[in-house]
Amino acid sequence: MGNPIPVAPDPGVLLRQMAMAMRSSRALYAAAELKLADYLAGGALASAELAKLTSTHPNALHRLLRALAAAGV
């Protein structure tokens, strides 16, 4: 039993991972700027209510929240 031969990752997979990492970091930055965690500290809120509190476009905020959820936030 020798050491396993390392397999080079697929460049397409690496590129997608890098792109998603950038999207996730930008989404997290936007959430921090909007202080979403502060608004959600007391419990869950509908995205429309959160949009009112943050003075943001409801559909855009909903997409941001979905992106954060997809990233595991």
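The side-chain heavy atoms of K52 and E49, taken from C-beta on, include a pair separated by under 4.5 Å.
Counting side-chain heavy-atom gaps under 4.5 Å among Ile, Leu, Val, Met, Phe, Trp and Tyr, V7 is found in no cluster with other residues. Listed by chain and number, the hydrophobic cluster partners of I5 come to none, as no ILVMFWY side chain reaches under 4.5 Å of it. Within the hydrophobic cluster formed by Ile, Leu, Val, Met, Phe, Trp and Tyr side chains joined at under 4.5 Å, directly or through other members, L28 is accompanied by L34, L36, Y39, L40, L45, L50, L53, L61, L64, L65, L68, V73.
Nearest heavy atoms, A71 versus S24: CB-OG, 3.6 Å. In terms of heavy-atom proximity, A51 sits nearest to H57 at CB-C, 4.4 Å.
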